[in-house]
Amino acid sequence: MQFNKCSRCGAFFMTNDSVCPNCKPKDMCDMNKLKNFLEEEGAFSSIEDISCGTGITPKNLHRFLSSDELANYDFSDLNNGPKVEL
Ligand SMILES: [Zn+2]
């Protein structure tokens, strides 16, 4: 049996997601918010900008930005930006 640790709350769970079933709805909500933000804003200079605009924590943003769901977006500017911090 394989346990995963939730990326949001740290709880252990058994599904194949990166977050536990409790956090899944919040995660999907955040992901939708992020997609809307990216489509509306178009330009953004840092993780903090996106975090302020969406209310999503930088930690979760890093996870979202590297996910397959957002593979269409180019975040190369962000990665090289001086304000990006983990
Ligand atoms: Zn969780």
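Heavy-atom basis, side chains included; hydrogens, waters and symmetry copies ignored. Read the numbers this way: they start at 1 and go in the same order the structure lists the ligands and their atoms. For this chain, numbers begin at 1 and follow the sequence in order.
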After noting the C-alpha distance and the side-chain angles of Lys24 and Phe13, does the key distance pass the side-chain contact (heavy atoms from CB on, under 4.5 Å) rule? CA-CA 12 Å; Lys24 188 108 201 249; Phe13 62 100; over 6 Å; no

Please step through side-chain contact (heavy atoms from CB on, under 4.5 Å) for the pair Asn4 and Thr15, ending with a clear verdict. CA-CA 7 Å; Asn4 288 317; Thr15 52; 5.9 Å; no

Quick check against the 3.5 Å criterion: does Ser51 have a side-chain atom that pairs as donor or acceptor with the backbone of Ile47?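 Side chain of Ser51 to backbone of Ile47, a donor-acceptor pair under 3.5 Å: no, none is there.
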
Using modelled atom types and a 3.5 Å cut-off, is there a donor and acceptor pairing between side-chain atoms of Ser7 and backbone atoms of Ser18? yes

Partner set under salt bridge (Lys or Arg N to Asp or Glu O under 4.0 Å) for Lys59, not counting sequence neighbours: none

Count up the protein N, O or S atoms sitting under 2.8 Å from the Zn ion (ligand 1), would you?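 Step by step: take the Zn ion (ligand 1), keep protein N, O, S below 2.8 Å, and you get 4.
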
Are any of the side-chain nitrogens in Arg8 or Asp30 under 4.0 Å away from the carboxylate oxygens of its partner?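 Yes, Arg8 and Asp30 are salt-bridged.
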
